[in-house]
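Heads up, the thing below is written out as structure tokens.
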Amino acid sequence: MSVRVRFAPSPTGALHIGGVRTALYNYLFARKNDGVFILRIEDTDQNRFVPGAEAYIVESLKWVGLIPDEGIDFGGSYGPYRQSERKAVYRRYAHELVERGHAYYAFDPPEALEAQRQAEENFTYNYRTRTGLDNSLVLPDSRVQELLDAGTPCVIRLKVEPGQDIHIHDLIRGDVVFQSSELDDKVLLKADGMPTYHLANVVDDHLMEITQVIRGEEWLPSTAHHVLLYRGFGWTETMPQFAHLPLILKPVGNGKLSKRDGAKFGMPVFPLDWPGETPEARSMGFREAGFLPEAAINFLALLGWHPGGDQEIFTIDELVQAFSLEHINKGGARFDYEKAKWFNQRYIQMTPDGVLAGHIHPLAAARGYRTDLPFLTRVAALMKDRVHLLPDFVEQGYFLFEPVTQYDDETIRKKWNPAFHPAFENLLENIAQVAPFEAPALEEYVRHFAQEQGLKPGDILPLLRLALAGTMKGPAVFDMAALLGPAETNRRLAGALRHFSQVIATIAG
RNA sequence: GGCCCGUUCGUCUAGGGGUUAGGACGCAUCCCUUUCACGGAUGAAACACGGGUUCGAUUCCCGUACGGGCUACCA
């Protein structure tokens, strides 16, 4: 039987980075096994529906390159892939389960159950309590029919028979056993006619011929219910295998990574930006933070999984080749943003300058900088070894785009000597004539010039850097000069010379 | 509270009955470089605890502790 796996997010907001990892593991598993990767939207909660969330999910998957083979927006013959469009299907199956005696109608209004929970410490709707509640198990058939005919609001609940062990063989965790007596009679079909997750996911996984369910650990406890559903429907022969993924934990402190942690720690926890009503609700995305999608994928893949060995950098094809569910760790993995940035740095280094130029383009444009690709390509070459995120190119390399207005005066006081003035005057008059105006020629000229003037390289180089960039941080001086060109180099030298004298004059005064 | 899952350097992890417990991020020192980085080298840093099983447990079993998840007409 060919492998078919699905990623089934619910459109209640931005897709969490943990969700992206779940999608990634499903994708890798599908590719590794020549299977099919399906995107299914689980929008059965009408109250939590968020407009735009579905489009966000699709755009996120596209950005990281996890393109579904089937699903909403991607075709396939097992549709519809949006659960809200399959309402009739679930209704039919829910009733079938009632007929088979594995489910029943319950008329208890939500308020009544709420009151029960208030009154009774650990109230659970199960085999113990259901006989005293308002459902088709205790009501006479005629009365049930009457209520149904009258359109009385009701739900359909799973009838869990006590006294049986439910064994699950989890592909990641091994054997897990649940006692059915501990399980509650889960609602399968809500009063609004929509199914709950439990019914919908089992029916859809069956109908869509899903072979492995790879999902978050938060689903492990309800898997016993799902197994009971497969049994109730008589689908045990084709029941999918289960694999429950460990959670992604907060960078610091306790608990799983939450949506709010992005704003809290100033780091992205979503693939793409997601606007929020308040600053705290606004979510930064990996894309907007300046990550290359390949880097984000590489980072995510290794957060909770490793194939063994010492390799850290994996192309997507290498990930596919190396992937196996058995190597997924059982324990939760803490989100480590420093490591994420390290991956991005490595991927930036590996990316050709011309490609980087394309990434820098919009960032430069946003700041009103030069945007011609040949120039940006050279910027990329000079900066790529010292950035972690794409915006660093313009934020840390600002002096390549704009005139120097701020100088590192501290260093000027240490390095500048008024006695250098004539020499620098000379340099600024003649440097523009160096031909070709490229780094090697410039370096040769300046070093030779220093010698001529009786100066050490250490006297002149730091000051030249300060003149061109204003700061002691940055690419090789001669590379910068070459990029800036003769006119700009001359201009900056002249401006710097005036500033240097002023700074010293201030001290003297 | 109940049920379920987990626990190797600070973090992500490799490993697995006998190892100097390996790698990566981060950190520190040094080299390269008259900048910042990159790169290279070196270093500090871990098997939660207690019982078994065993000639021998970090590795297998059982407890304990700690962490996590679930416990809705949410997913």
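Just so we're on the same page: letters track the sequence lines, and every chain starts at 1. Quick note: numbers below take in every heavy atom, side chains included, and nothing from hydrogens, waters or symmetry partners. Every value quoted in this text rests on a predicted model; they were computed, and no experiment measured them.
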Atom pair distance, as rounded to whole Å: [atom1] in [X] and [atom2] in [N]:
X         : N      : atom1 : atom2 : value
Glu111(A) : A72(B) : CD    : C1'   : 14 Å
Arg6(A)   : A75(B) : CZ    : P     : 14 Å
Tyr90(A)  : A75(B) : OH    : P     : 11 Å
Asp184(A) : C4(B)  : CG    : P     : 15 Å

Checklist entry - Where does C36(B) fall, syn or anti, if syn means a chi angle no more than 90° from 0? => result anti
Next on the checklist: Looking at the base of C5(B), is there any donor atom on it, or on the side chain of Arg173(A), that sits under 3.5 Å from an acceptor on the other one?
Outcome noted: no
Can you tell me how far the [atom1] atom of [X] sits from the [atom2] atom of [Y], to the nearest 0.5 Å?
X         : Y         : atom1 : atom2 : value
His167(A) : Asp175(A) : NE2   : CG    : 8.0 Å
Arg334(A) : Leu249(A) : CZ    : CG    : 5.5 Å
Leu228(A) : Ser222(A) : CG    : OG    : 12.0 Å

Watson-Crick or G-U wobble partner for [N], using a 3.5 Å limit on both distances?
N      : answer
G39(B) : C31(B)
C70(B) : G2(B)
C25(B) : G10(B)
U19(B) : none
G63(B) : C49(B)

[N] to [M] separation - [atom1] atoms, rounded to the nearest Å:
N      : M      : atom1 : value
U42(B) : C5(B)  : C1'   : 41 Å
A46(B) : U58(B) : P     : 15 Å
G1(B)  : U59(B) : C1'   : 35 Å
G18(B) : U13(B) : P     : 24 Å
G15(B) : A24(B) : C1'   : 15 Å
U8(B)  : U54(B) : C1'   : 22 Å
C66(B) : A44(B) : P     : 33 Å
G22(B) : C9(B)  : C1'   : 12 Å

Checklist entry - Listed in order of residue number, which residues of residues 195-207 of chain A have a non-hydrogen atom at under 4.0 Å from RNA chain B? => result Pro195(A), Thr196(A), Tyr197(A)
Classify the nucleic acid contact of [X] as base, sugar-phosphate or nothing, counting any heavy atom under 4.0 Å across all strands shown.
X         : answer
Phe335(A) : nothing
Val155(A) : base
Arg334(A) : sugar-phosphate
Ala333(A) : sugar-phosphate
Thr12(A)  : nothing
Asp392(A) : nothing
Thr44(A)  : sugar-phosphate

Ring centroid separation for [X] and [Y], is it under 6.0 angstrom?
X         : Y         : answer
Tyr197(A) : Trp219(A) : yes
Tyr25(A)  : Phe323(A) : yes
Trp416(A) : Phe424(A) : yes
His198(A) : His226(A) : yes

Side-chain N,O ([X]) to OP1/OP2 ([N]) below 4.0 Å:
X         : N      : value
Lys190(A) : C74(B) : yes
Asn329(A) : U7(B)  : no
Arg128(A) : G2(B)  : no

Item to check | Among Phe335(A), Trp305(A), Phe291(A), ring pair (Phe, Tyr, Trp, His ring centres under 6.0 Å) partner for Phe299(A) | outcome: Phe335(A)
Checklist entry - Out of Leu15(A), Val20(A), Leu24(A), which residue meets the side-chain contact (heavy atoms from CB on, under 4.5 Å) rule with Phe7(A)? => result Leu15(A)
Checklist entry - With respect to Leu292(A), which candidate in Val355(A), Asn344(A), Ile297(A) satisfies the side-chain contact (heavy atoms from CB on, under 4.5 Å) definition? => result Asn344(A)
Checklist entry - Can you give one letter per nucleotide of nucleotides 19-40 of chain B, going 5' to 3': B for a protein heavy atom under 4.0 Å from the base, S for sugar-phosphate only, - for none? => result ----BBS--------BBBBS--
Checklist entry - Which nucleotides of nucleotides 63-70 of chain B have their base under 4.0 Å from a protein heavy atom (B), which only their sugar-phosphate (S), and which neither (-), written as one string 5' to 3'? => result ----SSBS
Next on the checklist: Just so I know, are the side chains of Asp392(A) and Lys384(A) near enough to count as touching, which here means a heavy-atom distance under 4.5 Å?
Outcome noted: no
Checklist entry - Given side chains that start at C-beta, do those of Glu443(A) and His448(A) come closer than 4.5 Å, heavy atoms only? => result no
Checklist entry - Is NZ or CZ of Arg157(A) both nearer than 6.0 Å to the six-membered ring centre of Tyr105(A) and within 45° of the ring axis? => result no
Checklist entry - Any side-chain donor paired with an acceptor under 3.5 Å for Thr223(A) and Arg215(A)? => result yes
